[in-house]
Amino acid sequence: MTVVTRFAPSPTGYLHIGGARTALFNYLYSKHTGGTFLLRIEDTDRARSTQPAIDAIIDGLKWLGLNWDGDIVFQFARAPRHREAAEQLLAEGKAYRCYCTPEELTAMREEQKKNGWPMRYDGRWRERKPSESEAKLPFVVRLKAPIAGETVLDDLVQGQVTVANSQLDDMVLLRSDGTPTYMLSVVVDDHDMKITHVIRGDDHLTNAFRQHQLFRALGYTPPVYGHIPLIHGPDGAKLSKRHGALGVEAYRDLGLLPEAMRNYLLRLGWGHGDDEIISDAQAIEWFDVKDVGRGAARFDMVKLTNLNGHYIREADDARLVGLIKPLIEKRANLPVDDAAHARLTRGMAGLKQRAKTLIELADSAAFYARGRPLALDDKAKAILAEGGKAVLAQIATALDAQSSWTAADLEAWAKAFGEAKGLKLGQVAQPIRVALSGSTVSPPIFDVMDVLGRAETLARIRDAVGA
RNA sequence: GCUCCCAUCGUCUAGAGGCCUAGGACGCGGCCCUCUCAAGGCUGAAACACGGGUUCGAAUCCCGUUGGGAGCGCCA
């Protein structure tokens with residue numbers, strides 16, 4: 001049997017972190033088993049579904065590199081098929097019409113709550129035939145679910161879970177306007193799309209029991225379920241906007257790399273021995289839904305950021321330059337011309353070692369793109385004021401005679417210069433750093449001199465001396 | 001309230017009865033390296049929620065308690 005998984009978000013908002021992980025797990029499991037991974041947009045709630053949300057989900061999945069197989073299935077487009085399934089059930093006596101008004105149901109629930117009873121539809125129309133006047137009223141179609149016995153699910157993550165059928169009420173299949181509900185649509189679509197494994201959030205566990213009953217009523221074979229725990233915020237409560245349940249695009253804008261996101265999300269609720277850095281190939285090889293933990297995990301931005309630093313260090317220089325170029329232009333309001341682009345490329349090896357996000361990377365790289373004279377930050381100014389300027393003046397003169405301009409030779413020169421003047425290397429290097437970068441923090445300064453080149457280096461040093 | 005689920009360092013996790021003096025990672029402290037900042041190396045503090053069983057032996061199995069979570073819509 002070929003595995004078919006699906007990610008089935010409802011387009012009522014962005015692709016949040018929990019959804020992204022669900023998509024990742026479905027994707028990995030399909031790849032692991034050599035199966036297929038489908039995307040279905042559950043847009044049956046016409047009032048809340050929006051095109052921007054659909055776009056955000058698609059963009060988010062693409063950014064994460066979770067490419068689905070085949071065409072996207074839009075659930076609402078299949079409503080006639082769903083309705084047909086409900087009609088079939090009605091004809092077979094496995095479903096029935098319920099003429100309750102919303103007010104009536106609300107009253108029923110309030111009564112149940114007041115008395116401490118379970119809150120469930122009580123099946124009042126299950127066996128009842130409407131009178132002539134009642135038959136003209138709007139109705140919904142409900143499943144005639146089994147009352148006795150129990151429904152057992154062998155969940156890949158949660159294990160065997162049993163619920164008494166008395167706990168499950170008769171769910172609505174068709175609304176009073178004739179449109180199919182989520183419950184009906186999911187079951188019919190999962191069947192028609194030949195989904196074999198449903199991997200989704202824990203919050204759907206109780207739905208799985210109802211859906212299982214519907215599968216049976218329709219004569220379909222239910223898929224295998226795997227309900228993964230939800231992601232919680234730092235305080236242990238369900239992740240909300242307050243915590244960081246942002247759309248994945250927000251994480252992209254924070255300067256995170258998709259591979260860092262994938263690695264982090266994978267390790268949330270799943271582990272493979274002591275492995276922390278896991279490549280995509282290893283993830284596909286190792287991942288199995290049954291190894292996902294049962295407890296909810298808390299989202300930790302700090303760890304995500306640490307992982308991101310690792311992936312930035314590993315990333316290709318040209319790719320990083322491409323990613324930070326627009327950030328430099330926007331954040332520092334600097335045009336990045338060809339000369340700057342070349343410097344960024346040459347300097348990237350030193351730059352990427354010390355950044356945890358692309359934002360940090362862009363900010364730390366901006367000095368390569370800046371024109372003269374460089375603006376200095378406060379700490380940099382202090383260095384110059386505390387004797388740095390005098391040292392720099394001597395450096396400028398001495399450096400004029402320096403012919404070889406490699407990082408190694410420049411360092412040797414600086415050491416010799418320092419010894420001759422009775423200065424420690426730091427006392428030579430720091431003023432240069434300030435002059436060249438405008439700050440007290442930068443990549444190794446002799447590398448920077450190399451990247452900047454002789455003319456620009458000397459010019460920036462003279463600027464600082466004259467400032 | 002009812003139903004279901006969960007429980008190892010602050011956090012993510014390893015651990016499927018003896019390999020556990022409980023391992024790794026992030027974070028935190030110290031040291032080293034060092035032209036700054038990082039990165040890296042070494043190192044320290046830090047956990048089996050509690051109570052009963054079962055067993056020669058329990059983080060691992062069972063029961064209870066406590067704590068947390070999810071669901072209970074003509075939303076998905």
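Sequence lines set the chain letters: A, B, ... in the order given, protein chains first and strands last, and positions in each chain run from 1. Note that these values count all heavy atoms, side chains included, but never hydrogens, waters or copies made by symmetry. Being a predicted model, the structure only gives us computed values, none of them experimental.
Atom CG in N263(A) sits about 12 Å away from atom C1' in rC26(B), given to the nearest Å.
Taking the P atom of each, rA47(B) and rU65(B) are spaced 28 Å apart, rounded to whole Å. Between the P atoms of rA49(B) and rA14(B), the separation comes to 15 Å (whole Å). Distance check on atom C1': rC6(B) versus rA76(B) gives 24 Å, rounded to whole Å. The same atom, C1', is picked in rG71(B) and in rC26(B); the two are 33 Å apart, to the nearest Å. The same atom, P, is picked in rA45(B) and in rG30(B); the two are 15 Å apart, to the nearest Å.
Contact check, R120(A) against rG73(B): no side-chain N or O comes under 4.0 Å of OP1 or OP2. Look at R294(A) and you won't find any side-chain N or O under 4.0 angstrom from OP1 or OP2 of rA7(B).
Counting distance only, with no hydrogens placed and no angle test, the side-chain atoms of T206(A) and the base atoms of rC72(B) include no donor-acceptor pair under 3.5 Å. Within 3.5 Å, a donor on the side chain of R433(A) pairs with an acceptor on the base of rC35(B), or the reverse.
Using a 4.0 Å heavy-atom cutoff across all strands shown, V302(A) reaches sugar-phosphate atoms only and no base atom. Using a 4.0 Å heavy-atom distance criterion, R200(A) is classed as making no nucleic acid contact. Using a 4.0 Å heavy-atom distance criterion, N207(A) is classed as a base contact.
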